[in-house]
Amino acid sequence: MLANMKSFLQAIINVSEKAANIARACRREVQLFRLLVQEKSNEEKNQRFVQDFKTLADVLIQETVKHELGSKFPELIGFIQGEESNVFTNTLGETIEVKIMASQEDTAELLSKVLDGDRSAADLLALEVHRDVIIDSDIPQELNDTNNLLPMDTIGIWIDPIDSTAEYIQGTECSPDSHDIYVCGLRCVTVLIGAYNRKSGEPMIGVVNQPFFLENGDSWRGTFYWGVSCEGTVRNSFSAPPSPTSTVVLSGSETDALKENLAKHFELVEAAGAGYKLLSVARGLADIYILSRGSTFRWDSCAPHAILKSLGGGVIRYCEVMEKLATVRAYKGNFEDKYGLRYHQQGRKGWCNDEGLIAYSSPQNLLKLLTCLES
Ligand code: 2IP
Ligand code: CA
(Lines give C-alpha, C1' and ligand atoms only; values in the text may rest on other atoms or scores of the structure.)
(Ligands and ions follow the chains in the order given, each with its own letter.)
Protein backbone atom coordinates (compact mmCIF):
# COMPACT_ATOMS: atom_id res chain seq x y z
CA MET A 1 0.00 0.00 0.00
CA LEU A 2 1.24 3.49 -0.79
CA ALA A 3 0.69 6.17 1.82
CA ASN A 4 1.32 9.83 1.28
CA MET A 5 4.13 11.24 3.31
CA LYS A 6 2.06 14.03 4.84
CA SER A 7 -0.60 11.74 6.32
CA PHE A 8 2.01 9.25 7.54
CA LEU A 9 4.09 11.98 9.20
CA GLN A 10 0.95 13.58 10.69
CA ALA A 11 -0.08 10.20 12.15
CA ILE A 12 3.34 9.85 13.82
CA ILE A 13 3.15 13.40 15.20
CA ASN A 14 -0.38 12.81 16.54
CA VAL A 15 0.54 9.58 18.31
CA SER A 16 3.73 11.16 19.70
CA GLU A 17 1.50 13.81 21.31
CA LYS A 18 -0.80 11.10 22.68
CA ALA A 19 2.32 9.47 24.16
CA ALA A 20 3.30 12.83 25.66
CA ASN A 21 -0.21 13.19 27.15
CA ILE A 22 0.18 9.80 28.89
CA ALA A 23 3.63 10.76 30.15
CA ARG A 24 2.32 14.08 31.50
CA ALA A 25 -0.76 12.41 33.05
CA CYS A 26 1.47 10.01 35.00
CA ARG A 27 3.18 13.01 36.54
CA ARG A 28 0.08 15.17 36.98
CA GLU A 29 -2.49 12.75 38.41
CA VAL A 30 -1.85 12.04 42.06
CA GLN A 31 -3.00 8.40 41.83
CA LEU A 32 -0.55 7.80 39.01
CA PHE A 33 2.28 9.96 40.29
CA ARG A 34 2.31 8.09 43.60
CA LEU A 35 2.86 4.80 41.78
CA LEU A 36 5.41 6.35 39.46
CA VAL A 37 7.80 8.07 41.79
CA GLN A 38 7.91 5.53 44.58
CA GLU A 39 6.77 8.03 47.19
CA LYS A 40 7.31 6.81 50.71
CA SER A 41 4.09 5.04 51.51
CA ASN A 42 3.19 2.65 54.27
CA GLU A 43 0.96 0.54 51.98
CA GLU A 44 3.10 -2.45 51.11
CA LYS A 45 1.08 -3.19 47.95
CA ASN A 46 2.08 0.19 46.45
CA GLN A 47 5.75 -0.67 46.82
CA ARG A 48 5.08 -4.04 45.22
CA PHE A 49 3.52 -2.44 42.18
CA VAL A 50 5.77 0.59 41.90
CA GLN A 51 8.30 -1.23 39.73
CA ASP A 52 5.45 -2.49 37.55
CA PHE A 53 4.05 0.97 37.22
CA LYS A 54 7.28 2.49 35.89
CA THR A 55 7.47 -0.26 33.31
CA LEU A 56 3.75 0.00 32.69
CA ALA A 57 3.98 3.69 31.75
CA ASP A 58 6.72 2.85 29.22
CA VAL A 59 4.94 -0.25 27.90
CA LEU A 60 1.55 1.44 27.66
CA ILE A 61 2.95 4.30 25.58
CA GLN A 62 4.77 1.88 23.30
CA GLU A 63 1.66 -0.29 22.83
CA THR A 64 -0.43 2.83 22.15
CA VAL A 65 1.97 3.91 19.40
CA LYS A 66 2.08 0.39 17.93
CA HIS A 67 -1.72 0.07 18.06
CA GLU A 68 -2.40 3.44 16.47
CA LEU A 69 0.17 3.19 13.65
CA GLY A 70 -0.65 -0.48 13.05
CA SER A 71 -4.37 0.21 12.66
CA LYS A 72 -3.79 3.20 10.35
CA PHE A 73 -1.07 1.44 8.30
CA PRO A 74 -1.61 -2.35 8.59
CA GLU A 75 1.47 -3.21 6.49
CA LEU A 76 3.60 -1.90 9.36
CA ILE A 77 2.28 -4.58 11.73
CA GLY A 78 5.17 -6.81 12.75
CA PHE A 79 7.71 -4.11 11.89
CA ILE A 80 6.98 -1.69 14.73
CA GLN A 81 9.55 -2.33 17.46
CA GLY A 82 10.60 -0.61 20.63
CA GLU A 83 12.57 -0.72 23.82
CA GLU A 84 9.98 -2.56 25.85
CA SER A 85 8.30 -5.92 25.51
CA ASN A 86 4.55 -5.78 26.21
CA VAL A 87 4.67 -8.94 28.27
CA PHE A 88 6.09 -8.46 31.71
CA THR A 89 5.95 -10.32 34.97
CA ASN A 90 4.77 -8.34 37.94
CA THR A 91 6.35 -8.74 41.34
CA LEU A 92 3.68 -11.33 42.18
CA GLY A 93 5.12 -13.50 39.43
CA GLU A 94 2.01 -13.03 37.26
CA THR A 95 2.78 -12.63 33.57
CA ILE A 96 0.76 -9.82 32.10
CA GLU A 97 0.41 -8.78 28.46
CA VAL A 98 -0.45 -5.10 28.04
CA LYS A 99 -2.74 -4.60 25.05
CA ILE A 100 -4.82 -1.72 23.78
CA MET A 101 -8.36 -3.08 23.59
CA ALA A 102 -11.06 -1.94 21.18
CA SER A 103 -12.85 0.10 23.85
CA GLN A 104 -11.64 2.40 26.62
CA GLU A 105 -13.65 0.33 29.10
CA ASP A 106 -11.88 -2.91 28.13
CA THR A 107 -8.46 -1.22 28.23
CA ALA A 108 -9.22 0.12 31.72
CA GLU A 109 -10.34 -3.35 32.80
CA LEU A 110 -7.04 -4.88 31.61
CA LEU A 111 -4.91 -2.15 33.16
CA SER A 112 -6.63 -2.47 36.54
CA LYS A 113 -5.42 -6.10 36.63
CA VAL A 114 -1.85 -4.82 36.33
CA LEU A 115 -2.50 -2.13 38.93
CA ASP A 116 -3.71 -4.46 41.64
CA GLY A 117 -7.33 -3.34 41.16
CA ASP A 118 -6.56 0.40 41.24
CA ARG A 119 -9.42 1.21 38.88
CA SER A 120 -9.13 5.00 39.18
CA ALA A 121 -5.52 4.89 37.97
CA ALA A 122 -6.52 2.47 35.19
CA ASP A 123 -9.39 4.73 34.09
CA LEU A 124 -7.10 7.78 33.92
CA LEU A 125 -4.62 5.94 31.71
CA ALA A 126 -7.31 4.40 29.46
CA LEU A 127 -8.84 7.86 28.97
CA GLU A 128 -5.57 9.19 27.53
CA VAL A 129 -4.93 6.05 25.46
CA HIS A 130 -8.31 6.28 23.70
CA ARG A 131 -8.49 10.08 23.43
CA ASP A 132 -8.48 11.35 19.84
CA VAL A 133 -5.36 13.49 19.47
CA ILE A 134 -4.87 15.61 16.36
CA ILE A 135 -2.16 18.23 16.66
CA ASP A 136 -1.51 21.16 14.33
CA SER A 137 1.74 20.76 12.51
CA ASP A 138 3.60 22.77 9.90
CA ILE A 139 3.93 19.92 7.41
CA PRO A 140 4.29 21.52 3.96
CA GLN A 141 1.66 20.70 1.37
CA GLU A 142 4.33 19.32 -0.99
CA LEU A 143 4.55 16.22 1.20
CA ASN A 144 0.97 15.57 0.10
CA ASP A 145 1.95 15.38 -3.56
CA THR A 146 1.66 12.19 -5.55
CA ASN A 147 5.43 12.09 -5.94
CA ASN A 148 5.70 11.78 -2.17
CA LEU A 149 4.09 8.37 -1.79
CA LEU A 150 5.66 5.82 0.55
CA PRO A 151 5.45 2.04 -0.05
CA MET A 152 4.49 1.03 3.49
CA ASP A 153 5.86 -2.51 3.04
CA THR A 154 9.39 -1.06 2.93
CA ILE A 155 9.14 0.77 6.26
CA GLY A 156 10.02 -0.22 9.83
CA ILE A 157 9.44 1.80 13.01
CA TRP A 158 11.58 2.25 16.14
CA ILE A 159 9.90 3.58 19.30
CA ASP A 160 11.44 4.81 22.49
CA PRO A 161 8.31 5.51 24.55
CA ILE A 162 10.04 7.52 27.27
CA ASP A 163 13.72 8.25 26.74
CA SER A 164 15.66 9.30 29.83
CA THR A 165 13.45 7.23 32.11
CA ALA A 166 15.67 8.12 35.07
CA GLU A 167 14.94 11.84 34.70
CA TYR A 168 11.27 11.08 34.08
CA ILE A 169 10.87 9.16 37.32
CA GLN A 170 13.10 11.16 39.65
CA GLY A 171 14.03 14.16 37.53
CA THR A 172 15.32 16.93 39.72
CA GLU A 173 14.82 20.18 37.87
CA CYS A 174 17.87 22.20 36.95
CA SER A 175 18.37 25.44 35.07
CA PRO A 176 19.83 25.42 31.58
CA ASP A 177 23.58 25.79 31.24
CA SER A 178 25.07 28.66 29.24
CA HIS A 179 24.29 26.81 25.98
CA ASP A 180 20.56 26.55 26.81
CA ILE A 181 21.07 22.80 27.28
CA TYR A 182 19.38 21.24 30.33
CA VAL A 183 21.79 18.90 32.06
CA CYS A 184 19.02 17.06 33.90
CA GLY A 185 15.34 17.17 34.73
CA LEU A 186 12.09 16.57 32.85
CA ARG A 187 13.18 18.64 29.84
CA CYS A 188 15.64 15.83 29.02
CA VAL A 189 12.69 13.43 28.53
CA THR A 190 11.71 12.71 24.93
CA VAL A 191 9.32 10.43 23.04
CA LEU A 192 11.16 9.07 19.97
CA ILE A 193 9.39 7.60 16.92
CA GLY A 194 11.54 6.91 13.86
CA ALA A 195 10.79 5.27 10.49
CA TYR A 196 13.56 3.57 8.53
CA ASN A 197 13.92 1.77 5.21
CA ARG A 198 13.65 -1.98 5.88
CA LYS A 199 15.95 -2.79 2.95
CA SER A 200 18.77 -0.25 3.33
CA GLY A 201 18.32 0.39 7.06
CA GLU A 202 18.54 4.14 6.48
CA PRO A 203 16.49 6.42 8.74
CA MET A 204 13.78 8.23 6.74
CA ILE A 205 11.35 10.02 9.03
CA GLY A 206 11.76 11.10 12.65
CA VAL A 207 9.52 12.73 15.24
CA VAL A 208 10.93 13.78 18.62
CA ASN A 209 8.35 14.96 21.15
CA GLN A 210 9.44 16.80 24.29
CA PRO A 211 6.49 16.37 26.71
CA PHE A 212 8.00 18.70 29.34
CA PHE A 213 9.23 21.60 27.24
CA LEU A 214 7.65 24.54 29.03
CA GLU A 215 6.53 24.78 32.61
CA ASN A 216 3.61 27.12 33.27
CA GLY A 217 2.54 27.09 36.87
CA ASP A 218 2.05 23.52 37.97
CA SER A 219 1.47 22.11 34.48
CA TRP A 220 3.71 21.38 31.51
CA ARG A 221 3.36 22.07 27.82
CA GLY A 222 5.32 20.08 25.27
CA THR A 223 6.67 20.62 21.80
CA PHE A 224 7.79 18.40 18.93
CA TYR A 225 10.24 18.36 16.02
CA TRP A 226 10.16 16.38 12.79
CA GLY A 227 12.41 15.61 9.86
CA VAL A 228 12.03 13.76 6.55
CA SER A 229 14.91 12.56 4.43
CA CYS A 230 13.84 9.98 1.87
CA GLU A 231 13.24 9.45 -1.83
CA GLY A 232 14.81 12.82 -2.59
CA THR A 233 12.46 14.68 -0.25
CA VAL A 234 14.35 16.54 2.49
CA ARG A 235 12.24 18.71 4.84
CA ASN A 236 12.02 19.41 8.57
CA SER A 237 10.31 21.55 11.16
CA PHE A 238 13.31 23.80 11.69
CA SER A 239 13.27 27.28 10.20
CA ALA A 240 17.00 27.30 9.45
CA PRO A 241 19.95 24.90 9.62
CA PRO A 242 21.89 25.14 12.90
CA SER A 243 24.86 27.52 13.07
CA PRO A 244 28.26 26.45 14.53
CA THR A 245 28.59 26.61 18.33
CA SER A 246 31.96 24.88 19.09
CA THR A 247 30.05 22.96 21.77
CA VAL A 248 30.08 19.18 22.20
CA VAL A 249 27.40 17.42 24.27
CA LEU A 250 28.32 14.21 26.07
CA SER A 251 26.91 11.45 28.23
CA GLY A 252 27.62 11.77 31.94
CA SER A 253 29.41 8.42 31.68
CA GLU A 254 31.86 9.40 28.88
CA THR A 255 35.53 8.47 29.38
CA ASP A 256 37.90 11.06 30.88
CA ALA A 257 40.46 10.48 28.10
CA LEU A 258 38.02 11.54 25.38
CA LYS A 259 36.77 14.47 27.47
CA GLU A 260 40.33 15.73 28.08
CA ASN A 261 41.09 15.59 24.37
CA LEU A 262 37.86 17.34 23.37
CA ALA A 263 38.22 20.02 26.06
CA LYS A 264 41.29 21.38 24.23
CA HIS A 265 39.09 22.37 21.29
CA PHE A 266 35.46 22.55 22.41
CA GLU A 267 33.18 23.58 25.22
CA LEU A 268 31.79 20.41 26.78
CA VAL A 269 28.30 19.90 28.21
CA GLU A 270 27.18 16.70 29.94
CA ALA A 271 23.41 16.11 29.75
CA ALA A 272 20.97 13.26 30.41
CA GLY A 273 18.97 11.58 27.67
CA ALA A 274 20.44 10.09 24.51
CA GLY A 275 17.42 11.35 22.55
CA TYR A 276 17.73 14.77 24.18
CA LYS A 277 21.42 15.07 23.30
CA LEU A 278 20.76 14.07 19.68
CA LEU A 279 17.96 16.66 19.61
CA SER A 280 20.30 19.32 21.07
CA VAL A 281 22.58 18.83 18.04
CA ALA A 282 19.59 19.09 15.66
CA ARG A 283 18.45 22.27 17.43
CA GLY A 284 21.93 23.78 17.03
CA LEU A 285 22.62 23.95 20.78
CA ALA A 286 25.72 21.77 20.17
CA ASP A 287 27.71 20.91 17.03
CA ILE A 288 28.42 17.32 18.06
CA TYR A 289 27.20 14.56 20.39
CA ILE A 290 29.94 11.96 20.72
CA LEU A 291 29.60 8.65 22.57
CA SER A 292 32.49 6.20 22.71
CA ARG A 293 30.49 3.39 24.34
CA GLY A 294 27.71 1.06 23.31
CA SER A 295 25.15 2.47 25.77
CA THR A 296 22.46 3.43 23.28
CA PHE A 297 20.13 1.42 21.06
CA ARG A 298 18.43 1.68 17.68
CA TRP A 299 15.31 3.08 19.39
CA ASP A 300 17.35 5.90 20.99
CA SER A 301 18.86 7.16 17.74
CA CYS A 302 16.52 6.37 14.80
CA ALA A 303 14.12 9.32 15.09
CA PRO A 304 16.65 12.10 15.83
CA HIS A 305 18.98 10.55 13.24
CA ALA A 306 16.35 11.06 10.53
CA ILE A 307 15.95 14.69 11.67
CA LEU A 308 19.73 15.27 11.59
CA LYS A 309 19.90 13.77 8.08
CA SER A 310 17.19 16.21 6.96
CA LEU A 311 19.41 19.05 8.21
CA GLY A 312 22.46 17.82 6.25
CA GLY A 313 23.99 16.17 9.32
CA GLY A 314 23.94 12.55 10.47
CA VAL A 315 24.92 9.89 13.02
CA ILE A 316 27.97 7.71 12.27
CA ARG A 317 29.76 4.83 14.02
CA TYR A 318 32.37 6.12 16.52
CA CYS A 319 34.67 3.05 16.67
CA GLU A 320 34.89 2.55 12.91
CA VAL A 321 35.62 6.25 12.36
CA MET A 322 38.31 6.34 15.09
CA GLU A 323 40.01 3.27 13.63
CA LYS A 324 40.54 4.99 10.27
CA LEU A 325 40.39 8.67 11.10
CA ALA A 326 42.63 9.89 8.26
CA THR A 327 40.67 7.89 5.68
CA VAL A 328 37.36 9.22 6.98
CA ARG A 329 38.65 12.79 7.00
CA ALA A 330 39.77 12.43 3.39
CA TYR A 331 36.42 10.92 2.31
CA LYS A 332 34.75 13.16 -0.25
CA GLY A 333 31.34 11.53 -0.29
CA ASN A 334 28.42 11.82 2.13
CA PHE A 335 29.63 10.43 5.48
CA GLU A 336 26.15 9.07 6.10
CA ASP A 337 26.29 6.77 3.07
CA LYS A 338 29.51 5.11 4.18
CA TYR A 339 29.58 5.37 7.98
CA GLY A 340 25.97 6.04 9.03
CA LEU A 341 24.11 3.96 11.60
CA ARG A 342 21.63 1.48 10.09
CA TYR A 343 18.37 0.25 11.62
CA HIS A 344 17.28 -2.93 9.83
CA GLN A 345 19.77 -5.51 11.14
CA GLN A 346 21.10 -6.49 14.54
CA GLY A 347 24.79 -6.06 15.33
CA ARG A 348 27.08 -8.08 17.57
CA LYS A 349 25.06 -7.02 20.62
CA GLY A 350 21.56 -7.16 19.23
CA TRP A 351 19.96 -3.77 18.65
CA CYS A 352 22.65 -1.97 20.64
CA ASN A 353 24.60 0.78 18.86
CA ASP A 354 27.67 -1.11 20.04
CA GLU A 355 30.16 0.99 18.06
CA GLY A 356 29.18 4.16 19.88
CA LEU A 357 28.19 7.17 17.78
CA ILE A 358 29.10 10.63 16.54
CA ALA A 359 26.09 12.85 15.81
CA TYR A 360 26.78 15.99 13.77
CA SER A 361 24.66 18.82 12.42
CA SER A 362 26.82 19.48 9.33
CA PRO A 363 29.77 17.90 7.49
CA GLN A 364 31.84 20.97 8.37
CA ASN A 365 31.25 20.41 12.07
CA LEU A 366 32.14 16.72 11.71
CA LEU A 367 35.37 17.53 9.84
CA LYS A 368 36.35 20.04 12.53
CA LEU A 369 35.85 17.32 15.17
CA LEU A 370 37.83 14.72 13.18
CA THR A 371 40.69 17.16 12.71
CA CYS A 372 40.80 17.83 16.45
CA LEU A 373 40.63 14.12 17.30
CA GLU A 374 43.45 13.39 14.86
CA SER A 375 45.78 16.06 16.24
C1 2IP B 1 18.77 5.80 28.15
C2 2IP B 1 18.80 7.29 28.45
C3 2IP B 1 20.09 7.59 29.16
C4 2IP B 1 21.27 7.24 28.27
C5 2IP B 1 21.20 5.78 27.83
C6 2IP B 1 19.88 5.51 27.14
O7 2IP B 1 17.54 5.46 27.59
O8 2IP B 1 18.73 8.04 27.27
O9 2IP B 1 20.11 8.98 29.45
O10 2IP B 1 22.45 7.36 29.03
O11 2IP B 1 22.27 5.54 26.92
O12 2IP B 1 19.80 4.14 26.75
P13 2IP B 1 23.23 8.76 29.14
O14 2IP B 1 22.43 9.61 30.06
O15 2IP B 1 24.57 8.39 29.70
O16 2IP B 1 23.31 9.37 27.77
P17 2IP B 1 16.28 5.07 28.56
O18 2IP B 1 16.14 6.18 29.54
O19 2IP B 1 15.14 4.98 27.57
O20 2IP B 1 16.64 3.78 29.20
CA1 CA C 1 16.17 5.31 25.59
Side-chain angles (χ1 to χ4, degrees), residues 16 19-20 22-23 26-27 36-38 51 53-63 65 81-86 88 157-174 177 181-194 203 206-212 247-256 258-259 262 268-282 285-286 288-308 315 317-319 341 343 347 349-359:
S16 82
I22 297 171
C26 289
R27 297 273 315 187
L36 187 66
V37 294
Q38 209 167 334
Q51 190 44 44
F53 192 80
K54 293 177 193 172
T55 309
L56 176 66
D58 254 343
V59 168
L60 185 62
I61 288 177
Q62 183 171 306
E63 288 311 302
V65 174
Q81 299 170 274
E83 175 166 14
E84 306 289 346
S85 141
N86 73 332
F88 69 101
I157 299 280
W158 278 114
I159 306 168
D160 191 339
I162 299 180
D163 183 59
S164 204
T165 316
E167 296 305 318
Y168 176 61
I169 303 282
Q170 305 280 359
T172 42
E173 284 320 301
C174 57
D177 82 329
I181 296 174
Y182 284 83
V183 170
C184 62
L186 286 172
R187 286 177 179 84
C188 298
V189 174
T190 54
V191 175
L192 308 169
I193 305 173
V207 170
V208 175
N209 194 308
Q210 234 181 328
F212 308 97
T247 302
V248 169
V249 66
L250 298 159
S251 155
S253 61
E254 191 47 80
T255 62
D256 291 340
L258 179 56
K259 285 195 276 193
L262 291 169
L268 306 186
V269 178
E270 294 184 13
Y276 178 69
K277 289 188 278 286
L278 287 158
L279 174 65
S280 298
V281 177
L285 305 180
I288 296 282
Y289 160 34
I290 188 167
L291 177 68
S292 61
R293 299 164 50 249
S295 57
T296 63
F297 297 83
R298 302 293 195 268
W299 49 80
D300 289 312
S301 56
C302 185
H305 186 169
I307 294 176
L308 281 165
V315 183
R317 298 180 292 275
Y318 171 86
C319 296
L341 266 61
Y343 295 92
K349 295 183 189 161
W351 296 114
C352 167
N353 299 324
D354 60 302
E355 289 220 34
L357 57 86
I358 303 176

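No experiment lies behind these values; they were computed from the predicted model shown. Counting starts at 1 for both ligands and their atoms, following the listed order.
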Just to confirm, does any protein heavy atom lie below 4.0 Å from atom 17 (P) of ligand 1?
yes
Is the closest heavy-atom distance from Glu167 to ligand 1 below 4.0 Å?
no
For Leu291 and ligand 1, answer yes if some heavy atom of the residue is under 4.0 Å from a ligand atom, otherwise no.
no
Polar proximity ligand 1 side, [X] side, N/O cut 3.5 Å exclusive:
X: Thr296; value: no
X: Gly275; value: no
X: Tyr289; value: no

Among all protein heavy atoms in this structure, tell me which lies nearest to [atom], with the distance rounded to 0.1 Å.
atom: atom 2 (C) of ligand 1; value: Asp163 OD1, 3.6 Å
atom: atom 20 (O) of ligand 1; value: Glu83 OE2, 3.3 Å
atom: atom 15 (O) of ligand 1; value: Ser251 OG, 2.5 Å
atom: atom 9 (O) of ligand 1; value: Gly273 N, 2.9 Å
atom: atom 11 (O) of ligand 1; value: Ser295 O, 2.5 Å

Check this for me: does any side-chain nitrogen of one of Glu167 and Arg187 sit under 4.0 Å from a carboxylate oxygen of the other?
no
Can you tell which part of Asp300 has a heavy atom less than 4.0 Å from ligand 1: side chain, backbone, both or neither?
side chain
Checking [X] side chain against [Y] main chain: does a donor-acceptor pair fall under 3.5 Å?
X: Tyr182; Y: Tyr276; answer: no
X: Asn353; Y: Phe297; answer: yes
X: Gln62; Y: Asn86; answer: no
X: Arg27; Y: Ile169; answer: yes

Looking from the Ca ion (ligand 2), what is the angle between OD1 on Asp163 and OD1 on Asp300, to the nearest 10°?
80°
min-distance N/O/S atom, Asp160 vs the Ca ion (ligand 2), resolves to OD2
Tested for side chain to side chain contact (heavy atoms under 4.5 Å, CB included) against Ile290, the lone hit among Leu250, Leu268, Val281 is Leu250
Give me the ring orientation class for Trp351 and Trp158: parallel if the planes are under 30° apart, tilted from 30 to 60°, perpendicular past 60°.
perpendicular
What orientation do Tyr343 and His305 show, parallel under 30°, tilted 30 to 60°, or perpendicular over 60°?
perpendicular
